[in-house]
K.L.:
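First the structure, which I've put down as structure tokens, then a few questions once you've had a look.
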Amino acid sequence: MRVVNLIPDPSLDYRLNLAPETKKEHYRNFQKGSVAQHVYNTYKLMHTNQNVDFVKQKHLEWKDCNHAEMTMMDAIMSLDNLVDESDPDVDFPNSFHAFQTAEGIRKEHPDKDWFQLVGLIHDVGKVMALWGEPQWAVVGDTFPVGCAFQSSIVFRDSTFLENPDDSNPSYNCKYGIYTKNCGLDNVLMSWGHDVLCPSEYLYHVLQFNKCSIPKEGLSMIRYHSFYPWHSQDDYMYLCDDNDLQMLPWVQAFNKFDLYTKVKEDLPDVESLRVYYQSIIDKYCPGILKW
């Protein structure tokens with residue numbers, strides 16, 4: 001396996017006050033540890049197969065929200081059955097990560113219940129992996145397709161060699177099929193659990209079911225996996241004014257998403273469910289279509 005040296009992650013500037021024994025370099029370390037090989041393999045499959053044609057097909061398959069009907073809490077708890085193969089920081093079920101993120105936000109922002117809810121639900125789109133989608137089409141960092149794959153993408157040098165778009169002159173230049181400052185709403189992103197354009201999964205589910213989360217929260221959900229943008233300052237040439245206004249909100253969310261991942265301090269989910277159910281009932285009530 002060829003491992004590349006990654007650019008230092010600017011999101012470290014937004015880190016929480018970590019315990020002394022918890023060092024920042026322990027997070028998003030793609031080069032060391034027992035999970036390194038399967039993390040790399042997941043990204044290799046992702047970067048080989050995520051291209052314009054694949055993404056357009058996924059939009060068609062998932063746009064009608066006709067795969068299941070369940071409450072938001074049921075969807076969150078179903079993540080008991082999922083361990084994210086792309087995440088070097090987590091080897092426990094994703095449901096715990098949901099409550100860790102929410103509790104981190106609740107501690108610092110007790111007055112922003114919608115922000116806490118975003119922390120709880122931000123990864124719930126990973127239910128697609130429980131309904132037959134391979135993890136490389138669900139988890140991990142996201143990136144634009146239809147234009148050049150930039151060096152800020154994890155494992156960029158070694159995992160795109162078999163992606164047909166990387167050798168397609170219509171797609172492998174800086175702007176590709178886009179124009180300068182066209183806005184991320186108009187950019188096709190690699191298919192995944194969160195959302196980077198209005199047709200992708202979790203954002204689409206929330207819109208389809210008329211959930212009333214503020215636009216800042218929706219932006220956090222839509223862009224939280226777009227590390228090349230919010231943590232490497234890349235792809236700014238595709239952004240419009242709205243994207244730049246939302247960027248600080250996404251960065252503010254990132255510290256909770258990343259630095260609350262502590263397997264030695266898993267939350268007591270049952271004791272938290274009543275509180276978070278009340279917030280779900282406020283913003284995403286009832287049975288939702290997925």
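Everything quoted here is computed from the prediction, not taken from an experiment.
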K.L.:
Please report the interatomic distance OH(Tyr178) to CG(Leu184), rounded to the nearest 0.5 Å.
P.N.:
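Result: 10.0 Å between the selected atoms.
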
K.L.:
Please check if the number of heavy atoms outside Asp268 that lie under 6.0 Å from its CG is greater than 12.
P.N.:
yes

K.L.:
Looking at Asp166 and Arg156, is any side-chain nitrogen of the basic one under 4.0 Å from a carboxylate oxygen of the acidic one?
P.N.:
yes

K.L.:
For the side chain of His224 and the backbone of Ile221, is there at least one donor-acceptor N/O pair under 3.5 Å apart?
P.N.:
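It does hold such a pair.
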
K.L.:
Taking C-beta and beyond as the side chain, do Val205 and Lys289 meet within less than 4.5 Å on heavy atoms?
P.N.:
no

K.L.:
Indicate if Ile287 and Val124 have the same hydrophobic cluster label, given that clusters are the connected sets of ILVMFWY residues with side-chain heavy-atom separations under 4.5 angstrom.
P.N.:
no

K.L.:
Do Glu133 and Lys58 touch side chain to side chain, with heavy atoms closer than 4.5 Å?
P.N.:
yes

K.L.:
With hydrophobic residues grouped by side-chain heavy-atom distances under 4.5 Å, do Tyr171 and Leu161 end up in a single group?
P.N.:
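Each belongs to a different hydrophobic cluster.
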
K.L.:
At their closest point, which heavy atom of Ile105 faces which heavy atom of Gly119, and how far apart are they?
P.N.:
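Answer, listing the atom of Ile105 first, then Gly119: CD1-CA, 3.8 Å.
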
K.L.:
Dump the intermediate steps for side chain to side chain contact (heavy atoms under 4.5 Å, CB included) on Val250 and Phe226, then the final yes or no.
P.N.:
CA-CA 10 Å; Val250 179; Phe226 192 8; over 6 Å; no

K.L.:
So how far is it from Lys56 NZ to Trp191 CH2, rounded to the nearest 0.5 Å?
P.N.:
14.5 Å

K.L.:
Please check: side-chain N/O of Asp240 versus main-chain N/O of Asn242, any donor-acceptor pairing under 3.5 Å?
P.N.:
yes

K.L.:
Is the side chain of Trp114 donor-acceptor paired with the backbone N or O of Pro214 at a distance under 3.5 Å, no angle test?
P.N.:
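Not a single qualifying donor-acceptor pair exists.
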
K.L.:
Are Tyr283 and Asp113 close enough that a side-chain donor and a side-chain acceptor fall under 3.5 Å?
P.N.:
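Result is yes, a qualifying pair exists.
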
K.L.:
Is Arg273 positioned over the aromatic face of Tyr276, cation under 6.0 angstrom from the ring centre and no more than 45 degrees off axis?
P.N.:
no

K.L.:
Can you list the residues that meet the side-chain hydrogen bond (donor to acceptor under 3.5 Å, both in side chains) rule with Asp74, with sequence neighbours excluded?
P.N.:
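Scan of Asp74 (side-chain hydrogen bond (donor to acceptor under 3.5 Å, both in side chains), adjacent residues dropped) gives Thr71.
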
K.L.:
Please list all pairs passing the salt bridge (Lys or Arg N to Asp or Glu O under 4.0 Å) test where one or both residues lie in residues 38-55, with sequence neighbours left out.
P.N.:
Lys44-Glu162

K.L.:
Heavy-atom distance under 4.5 Å between the side chains of Ser170 and Asp165, does that happen here?
P.N.:
no

K.L.:
Do Asp241 and Gln245 get their side chains close enough for a donor-acceptor pair, meaning under 3.5 Å?
P.N.:
no

K.L.:
If you define the side chain from C-beta out and look only at heavy atoms, does anything of Asp123 sit under 4.5 Å from His97?
P.N.:
yes

K.L.:
Set out, in order, the CA-CA distance, both residues' side-chain angles and the distance that settles ring-ring contact (aromatic ring centres under 6.0 Å, His included) for Trp136 and His47, then state yes or no.
P.N.:
CA-CA 9 Å; Trp136 58 260; His47 295 166; over 10 Å; no

K.L.:
Measuring from Phe54:CZ to His59:NE2, what's the distance to the nearest 0.5 Å?
P.N.:
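If I round to the nearest 0.5 Å, the distance is 10.0 Å.
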
K.L.:
If the test is ring pair (Phe, Tyr, Trp, His ring centres under 6.0 Å), which one of Phe155, Phe160, Tyr43, Trp229 qualifies with Phe143?
P.N.:
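Of the listed residues Phe155, Phe160, Tyr43, Trp229, the ring pair (Phe, Tyr, Trp, His ring centres under 6.0 Å) partner of Phe143 is Phe160.
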
K.L.:
Of all the heavy-atom pairs spanning Ser158 and Tyr40, show the shortest one and how long it is.
P.N.:
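Smallest interatomic distance, heavy atoms only, reads OG-OH, 3.2 Å.
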
K.L.:
Do Lys174's NZ or CZ and the ring of Tyr237 fall within the cation-pi criteria of under 6.0 Å and 45°?
P.N.:
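Geometry flag: set, cation within 6.0 Å and 45°.
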
K.L.:
Any heavy-atom pair between the side chains of Trp290 and Met72 that's under 4.5 Å?
P.N.:
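SC-SC contact between Met72 and Trp290 confirmed.
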
K.L.:
For a quick test of reading the model, state the closest non-hydrogen atom pair linking Leu117 to Ile279 and the distance between them.
P.N.:
CB-CG2, 3.7 Å

K.L.:
Look only at the side chain of Asn51 and the backbone of Asn163, and say whether a donor-acceptor pair between them is shorter than 3.5 Å.
P.N.:
no

K.L.:
Which is it for Ile153 and Gln232 under the side chain to side chain contact (heavy atoms under 4.5 Å, CB included) test, yes or no, and what are the steps along the way?
P.N.:
CA-CA 9 Å; Ile153 301 173; Gln232 305 288 4; over 6 Å; no

K.L.:
Are side-chain heavy atoms of Met77 and Met73 found at a separation under 4.5 Å?
P.N.:
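Met77 reaches Met73 side chain to side chain.
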
K.L.:
Looking at Asp243 and Cys239, what are the two nearest heavy atoms and their distance?
P.N.:
OD2-CA, 3.3 Å

K.L.:
Please step through side chain to side chain contact (heavy atoms under 4.5 Å, CB included) for the pair Phe256 and Arg106, ending with a clear verdict.
P.N.:
CA-CA 10 Å; Phe256 299 104; Arg106 182 183 177 188; over 6 Å; no

K.L.:
Mark yes or no for whether Gln251, through its side chain, and His230, through its backbone, hold a donor-acceptor pair below 3.5 Å.
P.N.:
yes

K.L.:
Tell me whether Thr48 contacts the main-chain N or O of Leu45 through its side chain, where contact means a donor paired with an acceptor under 3.5 Å.
P.N.:
no

K.L.:
Are side-chain heavy atoms of Met46 and Asp141 found at a separation under 4.5 Å?
P.N.:
no

K.L.:
Between Ser95 and Ile76, what is the shortest heavy-atom contact and its length?
P.N.:
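Scanning both residues, the minimum pair turns out to be CB-O, 3.7 Å.
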
K.L.:
Donor-acceptor check, side chain of Asn209 to backbone of Cys211, threshold 3.5 angstrom: yes or no?
P.N.:
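Checking the backbone N and O of Cys211 against the side chain of Asn209, no donor-acceptor pair under 3.5 Å is found.
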
K.L.:
Could you list the residues that satisfy side-chain hydrogen bond (donor to acceptor under 3.5 Å, both in side chains) with Asp234, not counting sequence neighbours?
P.N.:
Ser152

K.L.:
side-chain contact (heavy atoms from CB on, under 4.5 Å) with Pro144: which of Val187, Ile177, Leu188?
P.N.:
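Looking at Val187, Ile177, Leu188, the match for Pro144 under the side-chain contact (heavy atoms from CB on, under 4.5 Å) is Val187.
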
K.L.:
What verdict does the side chain to side chain contact (heavy atoms under 4.5 Å, CB included) test give for Cys147 and Tyr175, after you've listed the backbone C-alpha separation in whole Å, the side-chain angles of each residue and the deciding distance to 0.1 Å?
P.N.:
CA-CA 5 Å; Cys147 61; Tyr175 291 104; 5.8 Å; no

K.L.:
Once you round to the nearest 0.5 Å, how far does CH2 of Trp131 lie from NZ of Lys126?
P.N.:
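The distance works out to 14.5 Å.
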
K.L.:
Is any side-chain heavy atom of Leu218 closer than 4.5 Å to one of Leu206?
P.N.:
yes

K.L.:
Do the side chain of Asn181 and the main chain of Leu238 share a donor and acceptor less than 3.5 angstrom apart?
P.N.:
no

K.L.:
Using modelled atom types only, decide if a donor and an acceptor are shared between the side chain of Asn168 and the backbone of Pro164 within a distance under 3.5 Å.
P.N.:
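No, because the side chain of Asn168 does not come within donor-acceptor range (under 3.5 Å) of the backbone of Pro164.
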
K.L.:
Apply the ring pair (Phe, Tyr, Trp, His ring centres under 6.0 Å) test between His122 and each candidate in Phe99, Phe115, Tyr223, Phe253; give the one that qualifies.
P.N.:
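Per the ring pair (Phe, Tyr, Trp, His ring centres under 6.0 Å) rule, the option paired with His122 is Phe253, out of Phe99, Phe115, Tyr223, Phe253.
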
K.L.:
Working to the nearest 0.5 angstrom, can you tell me the gap between Thr159 OG1 and Asn41 CG?
P.N.:
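Result: 11.0 Å between the selected atoms.
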
K.L.:
Measuring from Ile121:CD1 to Met220:CE, what's the distance to the nearest 0.5 Å?
P.N.:
11.5 Å

K.L.:
Any side-chain to backbone donor/acceptor pair from Gln116 onto His109? Under 3.5 Å, distance only.
P.N.:
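Flag set: sc Gln116 to bb His109 pair under 3.5 Å.
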
K.L.:
Can you see which heavy atom on Thr142 is nearest to which on Pro228, and at what distance?
P.N.:
O-CD, 3.6 Å

K.L.:
Flag the pair Glu108 and Lys255 as a salt bridge only when some basic side-chain nitrogen lies within less than 4.0 angstrom of an acidic carboxylate oxygen.
P.N.:
yes

